[in-house]
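Accompanying notes for the structure given below.
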Amino acid sequence: MSDVAKGFTRQQMADRIAAEFGDGWIVNLGVGLPTLCSNTDIGDRNIVYHSENGVIGYGAIAAPGEEDLNLVNAGGQNVTLRPGAAVVHHADSFAIIRGGRIDVTVMGAYEVAANGDFANWRIGRGKGGGIGGAMDLAACARRVFLIMEHVTRSGAPRLVPACALPVTARGVVKLVATDLGLFEPAGEGFRVRELAPGVGMDAVRAATGAPLVA
Amino acid sequence: MSDVAKGFTRQQMADRIAAEFGDGWIVNLGVGLPTLCSNTDIGDRNIVYHSENGVIGYGAIAAPGEEDLNLVNAGGQNVTLRPGAAVVHHADSFAIIRGGRIDVTVMGAYEVAANGDFANWRIGRGKGGGIGGAMDLAACARRVFLIMEHVTRSGAPRLVPACALPVTARGVVKLVATDLGLFEPAGEGFRVRELAPGVGMDAVRAATGAPLVA
Amino acid sequence: MPGKQFPSFAAAVADIPDGATIAFGGFAMPGTPFNLIAALAEHGARGLTLIANTTGGAQQPRMPDIGMLVERGQVRKVICAFTAATRASDVLPFTKYYESGEVEAELVPQGTLAERLRAAGAGIPAFYTPTAVGTELAEGRETRVIDGREYLLEYALPVDYAFLRARRADTFGNLLFHRSQRNFNPVMATAARIAIAEVEEPILPAGAIDPDAVHTSGIFVHRLVEIPPPPAGLWPQKRQERVRP
Amino acid sequence: MPGKQFPSFAAAVADIPDGATIAFGGFAMPGTPFNLIAALAEHGARGLTLIANTTGGAQQPRMPDIGMLVERGQVRKVICAFTAATRASDVLPFTKYYESGEVEAELVPQGTLAERLRAAGAGIPAFYTPTAVGTELAEGRETRVIDGREYLLEYALPVDYAFLRARRADTFGNLLFHRSQRNFNPVMATAARIAIAEVEEPILPAGAIDPDAVHTSGIFVHRLVEIPPPPAGLWPQKRQERVRP
């Protein structure tokens, strides 16, 4: 696992995912790593960032001292607005989500399976969990992209043949960015779209719980 | 039927119904006779007039030359707004109605039955009809009051034992103002709350298709 | 992403195919997209399914309405809350086409119509409502008792195009409505694949509308056309009060 | 009709009985009725069912939240989208009460929670949603296939009281929210028998807010309390970013 240090940084994972956003897309960014995408330079593409709490068209994290304490993204961070922004209430925000207007939702996850299932609401111990907007987004966005560490802190793979944790939605994940590269669930295993700088195929294979396929 | 000329005028029917509005009520006024209620002097009662097209807190019909052509009541008449008014879209307007916030809806009708059924969306001939918001209002307002002529132009009673026309809702009418007086559906017949000036009980009995009860 | 401003009403409706389903904002005069309706008449698409509060023609002066599209033979079906007038003495222009069977109609209570459009935009495929229970409209249909009360099952009503009219817009497509102009317009925008708005004031730059004040987000709005002053553009008229016969 | 302005948070919550169901606006700091929550803690009502996005305690500095009411033994059940933290390294204050069985919880996807509240306010007793189909939350529950897709049946969630926080209000009770303050507040207002709003700016006279700009009509809002400046009143704090362990 010594290759991990040579992989993508957290911001690089977000940048790599953001590079996949199409011009004109409406993009929902979940709490944690995905919110870093709103800091990525998107060039001349028109991207509309949507946050589950009803903010349509936000931009980068607010500079220190310039925060509006009543304007936050899904992670509770103070963000800025871009021209054309609008605010709606929670029911209208999830109407946008369920109504199929979100071109892609970017989420963190504990596990992703080769068949596109993923798990991000219960870590396994105890009762309950933290669902937030993940189940609505996962079931209704046109695409689900994940940003996640390739392995757990104890080194166990997070890209697996089948989810052991309770799933958030089934068969929906299209793309996964980890510190080791960019991967696509492909049924029997994961297709390697791209390796992170300095990361070799053997290291990825060793850190992945499911086969790598062509 | 010579008593009819001595009965309530159109505005008096509206005034008589408006006198029944409680302080603080939210009142929906339907097209036709009911819209005359918004011209009634309500004294120091706080009454909020709601129109199905999403206007909350309107007032009297606009004076000639002072119309806002983009502000209408359910009948398409240009109205004024009272302090505290707000506008919502159609789905939110009917959410208010179905959600049980309307203390009374006042509607016109072709027929009302002694059991509280009433009919106001199809006049009998041909297919289709004009439902508008009547079925939502009739099913969901806390009370349904009607303002209507006591008899048809050909002299047939409109207060009947059972509706012959297709109903708008069943068992919901609480109070009916006609040119002859004020009546309550009471199961077997209509209870006479009040006779219009100059109108006698015999004339009402002759013009009513159902029994008058104590 | 190309700009949303279109040079003419004709250009904004040019791609509408025969057989399309189109929803029209408006309740009486306010918020009715008269100019887009006139452009659709000119365009000539046929076999259309049209959704609106009413088929029009009950008020004077008569403005472009669904009834006119029916009279031109462009319409297969209408879904609305009025297929006939509420006053026994009135006859809507639409009614005779419906009576003769030339055009189909689905009569829907107004609140159910608004909620079915809202549901389509909100990803809710079906819902229960107390409206119309016990009436002819509920005959033969699925009902369900919930907490002791009977409700009718209603389905979402998605549309291909929505025609809207707004007071103000910015280049992103955010819309502001004035007073009762709002009516069905916002929910129809959310129910549509493509929403087209005719706009009364010059289009503002993105950012000119307070994000807290926006009525319909530009994510729902795809095409904007500025309405020229009369007589080139159509504007609400003061209603002529009918004398009671 | 008495005025809607209350002299204190304590007075505004004084009639809340044991066993009441209360919904709390707020998503992270914005729009959270900190002062009303603190007053409810002081008031001491017990056996409560509380509805909010989260039970709180995940962010610093910690402000009055549902978890605090749980810690005081006032709560029978919570209905929310988070009963545990999403980060494996975090533990919500609420979690141990839930794990031990002292308090019940119903975990609801956030969009379903918002829609169930909206449905309660809109007179829709139940609706279908694609959310949570195929997950543990759908096990044993009623589903229905509509146009080839499977949906879950969800019921309306009415509440007795809603606690709201707004930027601005008029004496009629019309509310304006600033930016993401809005979140759950408007739908919770419509779902409640009695909605109570803490308001950041001095209450305006009725008529001072443009009718087109109102976010929540005063017909839904029954009590208003002006928030005093700190330290007497509670206001959003700048979040302290946690250092990743």
Side-chain angles (χ1 to χ4, degrees), chain A residues 10 30-32 51-55 58 64 67-79 81 85 87-95 97-98 108 110 117 119-140 152-153 166-171, chain D residues 25 27-31 53-54 58-59 81-88 90 92 94-95 98-99 105 107-115 117-119 121 129-137 167 177-188 190 200 215-216 235-239 241:
Chain A
R10 291 164 54 80
V31 60
S51 181
E52 64 192 21
N53 56 329
V55 185
Y58 68 94
E67 299 93 348
D68 179 339
L69 297 184
N70 284 302
L71 176 57
V72 300
N73 63 14
Q77 298 166 301
N78 296 124
V79 291
L81 294 181
V87 178
V88 297
H89 62 54
H90 241 80
D92 280 349
S93 181
F94 281 85
I97 293 168
R98 276 192 317 270
Y110 305 135
D117 293 356
N120 75 351
W121 69 275
R122 181 190 289 163
I123 29 185
R125 61 160 196 248
K127 299 197 289 185
I131 295 176
M135 283 190 183
D136 303 276
L137 284 157
C140 303
T152 67
R153 290 190 199 182
V167 302
T168 302
R170 297 196 179 278
Chain D
F27 181 99
M29 289 278 178
N53 185 51
T54 170
Q59 302 196 341
F82 294 90
T83 58
T86 41
R87 249 186 241 199
D90 291 348
L92 295 188
F94 170 73
T95 305
Y98 181 41
E99 301 266 341
L107 186 58
V108 181
Q110 194 172 150
T112 298
L113 185 62
E115 190 68 11
L117 290 159
R118 191 259 172 199
T129 177
T131 300
V133 167
T135 75
E136 187 182 299
L137 268 64
R167 170 62 53 93
F177 302 95
H178 176 71
R179 305 301 190 237
S180 67
Q181 238 181 11
R182 203 178 317 181
N183 62 70
F184 281 96
N185 283 296
V187 283
M188 286 175 170
T190 67
E200 297 181 346
H215 292 144
T216 291
W235 295 75
Q237 303 291 307
K238 185 160 157 43
R239 194 173 77 146
E241 290 295 333

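Just so it is clear, the model here is predicted, and its values are computed rather than measured. Below, chains carry the letters A, B, ... as their sequence lines are ordered, and counting in each starts from 1. What's counted below: heavy atoms across the whole structure, side chains too, no hydrogens, waters or symmetry copies.
Both the backbone and the side chain of D:A132 have a heavy atom closer than 4.5 Å to some heavy atom of chain A. Using a 4.5 Å cut-off between heavy atoms, D:T112 touches chain A through backbone and side chain atoms alike. For A:L71, the parts lying near chain D are the backbone and the side chain together; criterion is any non-hydrogen pair under 4.5 Å. With a threshold of 4.5 angstrom between heavy atoms, D:L137 approaches chain A through side-chain atoms but not through N, CA, C or O. For A:L137, no part lies under 4.5 angstrom from a heavy atom of chain D. For A:D117, no part sits under 4.5 Å from any heavy atom of chain D, backbone or side chain. Heavy atoms closer than 4.5 Å to chain D are found in the side chain of A:V55, but not in its backbone.
A donor atom on one side chain and an acceptor atom on the other are found under 3.5 Å apart for A:T168 and A:N120. For the 3.5 Å distance criterion, the side chains of D:Q181 and D:E200 qualify, holding a donor opposite an acceptor.
Taking both residues in full, the closest heavy atoms of A:G128 and A:R122 are given as O-NE, 2.8 Å, listed atom of the first, atom of the second, then distance. Scanning all heavy atoms of the two residues, the minimum distance from A:D136 to A:G132 falls at OD2-O, 4.3 Å.
Highest contact tally toward chain A, considering only D:L113, D:T135, D:N53, D:L117, is held by D:T135 [criterion: heavy-atom pairs under 4.5 Å]. Taking chain A as the reference chain and counting heavy-atom pairs below 4.5 Å, the highest number among D:A114, D:G111, D:A28 is found for D:G111. When D:Q237, D:H178, D:H215 are compared by the number of non-hydrogen pairs under 4.5 Å with chain A, D:H178 comes out ahead.
To the nearest 0.5 Å, atoms CZ (D:R182) and CG (A:N70) are separated by 12.5 Å.
Between D:F184 and A:H89, the ring center distance fails the sub-6.0 Å criterion.
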